[in-house]
Student: 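First the structure, then my questions, so here it is.
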Amino acid sequence: MTKLRMGIIGSGGIAQSRHIPSYQQLTEQVELFGVYDVDYERAKEASVLFNITNVYEQVSDMLKDVDAVTICTPNKFHADLAVQALEAGVHVLCEKPMAMSVEECDRMIEAEKESGKVLSIAYHYRFMKEPRAAHQVIQEGEIGDPMVARVQALRRRKVPGWGVFTNKQLQGGGSLIDYGCHFLDLSMWLMGNPKPVEVSGTTYNRLSKTPEQVNLWGAFDHETFDVDDHVTAYIKFDNNVSMLFETSWSANIAEDKESVSLSGSNGGLEVFPFQLNQAKYGMLLNSSSEWVPGDEDPGLPQAANFVNSCLGLEEPIVSSEEARTVSQVIEAIYESCATGKSVQL
Ligand SMILES: NC(=O)c1ccc[n+]([C@@H]2O[C@H](COP(=O)([O-])OP(=O)(O)OC[C@H]3O[C@@H](n4cnc5c(N)ncnc54)[C@H](O)[C@@H]3O)[C@@H](O)[C@H]2O)c1
């Protein structure tokens, strides 16, 4: 079988910690063919560290040589690079969020359609063990029709102090677009991708106002901190489905919390840790899960799904349209906070 020639665009943290090591495990299907980064030295360093065949000074040159790319740059560059790659006839896996605005997502989808190539987004929570189990349980009808989602993605004092995560111009926002996006994606996917119709949100930026901050993930400059650090939202979908949503990089809580809890017409479930709650056989049944080792790294199934999609063997688990809906909700939350009104979609 001819191998898929993979190019990496942006060879920083997530490229080195997740994507490249995952492709390295798929040696039968993938050749790590090239790497490009605006910082040439960083690309070179990655090529040596991971044995990537070619380092490029121009992304356009790499696009002539590869079949697929994985985009791991700051959010601002996702859309232009994805469109450029698709127009060059190259499949794209782009890091989350899909882009900084819905308009950018639409440009990416248009290029995807015109090229006939794969465009998928790295919402890796979908590839984790508990979410996969939850998805299957819901698909098999165990909770009936999903009605209400309660979602909390809260970190205690963990603002990413490295990279450009607190720079609105390069990232488009803070805790919501960087961290909360995973949980919007995951919960909407579990609920069967309902269509959002109304969004009301509140965002906070209190960290910018205090010079001395306790932060467990490195230092950041409070004066240039211009993104949200805490966000709440209420999202209404068609079919009377609704979501209560909260995310933060820096909540004043006892410990970090990642909770996705769904109530359906016949039962409910918690995703982390997995628990199914039903009223059945005249009883209230609560089934919990026991940890089974293996298959913990979501990077590998995510990479395998992208590669198999490029080879025409599978459909992408994360479609571009679904990722666009996540961006649509994020944009509406920011707009709702700016205008003080709910946003009709
Ligand atoms: N899935 C996840 O959980 C997860 C985790 C971390 C980061 N991310 C996403 O990955 C992306 C990158 O984050 P990171 O933590 O790796 O950041 P990083 O700062 O460690 O690396 C980004 C790299 O991109 C390079 N770069 C910047 N502009 C470029 C351009 N125009 N073309 C090519 N290279 C360019 C930088 O030089 C740097 O090496 C972001 O979109 C972020 O949201 C996702």
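Counting starts at 1 for both ligands and their atoms, following the listed order.
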Student: For residues Leu300 and Gln25, report the shortest heavy-atom separation together with the two atoms involved.
Tutor: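 So the minimum-distance heavy-atom pair works out to CD2-OE1, 3.6 Å.
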Student: Under 3.5 Å, side chain of Asp37 to main-chain N/O of Arg42, donor-acceptor pair present?
Tutor: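 Answer holds: no.
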Student: Could you pull out every donor-acceptor pair under 3.5 Å between side chains of residues 56-64 and any protein atom, sequence neighbours left out?
Tutor:
| unit_1 | atom_1 | unit_2 | atom_2 | d |
| --- | --- | --- | --- | --- |
| Tyr56 | OH | Asp65 | OD2 | 2.6 |
| Asp61 | OD1 | Lys64 | NZ | 3.4 |

Student: For the residue pair His230 and Tyr204, categorise the inter-ring angle as parallel (less than 30°), tilted (30 to 60°) or perpendicular (more than 60°).
Tutor: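 Ring orientation of His230 relative to Tyr204: perpendicular.
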Student: Identify each donor-acceptor pair in which a side-chain atom of residues 161-171 lies under 3.5 Å from a protein atom, sequence neighbours left out, and give them as a table.
Tutor:
| unit_1 | atom_1 | unit_2 | atom_2 | d |
| --- | --- | --- | --- | --- |
| Asn167 | OD1 | Gln169 | N | 3.0 |
| Asn167 | OD1 | Leu170 | N | 3.1 |
| Gln171 | OE1 | Asn75 | N | 3.0 |

Student: Could you give the N/O to N/O pairs under 3.5 Å linking ligand 1 and the protein, each with its distance?
Tutor:
| unit_1 | atom_1 | unit_2 | atom_2 | d |
| --- | --- | --- | --- | --- |
| ligand 1 | 1 (N) | Arg18 | NH1 | 3.3 |
| ligand 1 | 1 (N) | Glu95 | OE1 | 3.1 |
| ligand 1 | 1 (N) | His124 | ND1 | 3.3 |
| ligand 1 | 3 (O) | His182 | NE2 | 3.1 |
| ligand 1 | 16 (O) | Gly13 | N | 3.3 |
| ligand 1 | 16 (O) | Ile14 | N | 2.9 |
| ligand 1 | 20 (O) | Gly13 | N | 2.8 |
| ligand 1 | 34 (N) | Val38 | N | 3.4 |
| ligand 1 | 37 (O) | Asp37 | OD1 | 2.6 |
| ligand 1 | 39 (O) | Asp37 | OD2 | 2.6 |
| ligand 1 | 39 (O) | Arg42 | NH1 | 2.7 |
| ligand 1 | 41 (O) | Thr73 | O | 3.0 |
| ligand 1 | 41 (O) | Asn75 | OD1 | 2.7 |
| ligand 1 | 41 (O) | His78 | NE2 | 2.9 |
| ligand 1 | 41 (O) | Lys96 | O | 3.4 |
| ligand 1 | 43 (O) | Asn75 | OD1 | 3.4 |
| ligand 1 | 43 (O) | Lys96 | O | 3.0 |
| ligand 1 | 43 (O) | Lys96 | NZ | 3.3 |

Student: Just list the side-chain donor-acceptor pairs under 3.5 Å for residues 322-329, sequence neighbours left out, or say none.
Tutor:
| unit_1 | atom_1 | unit_2 | atom_2 | d |
| --- | --- | --- | --- | --- |
| Glu322 | OE1 | Arg126 | NH1 | 2.8 |
| Glu322 | OE1 | Arg126 | NH2 | 3.1 |
| Glu322 | OE1 | Ser319 | N | 3.4 |
| Glu322 | OE2 | Asn193 | ND2 | 3.1 |
| Arg324 | NE | Asp106 | OD1 | 2.5 |
| Arg324 | NH2 | Asp106 | OD1 | 3.4 |
| Arg324 | NH2 | Asp106 | OD2 | 3.4 |
| Thr325 | OG1 | Glu321 | O | 3.1 |

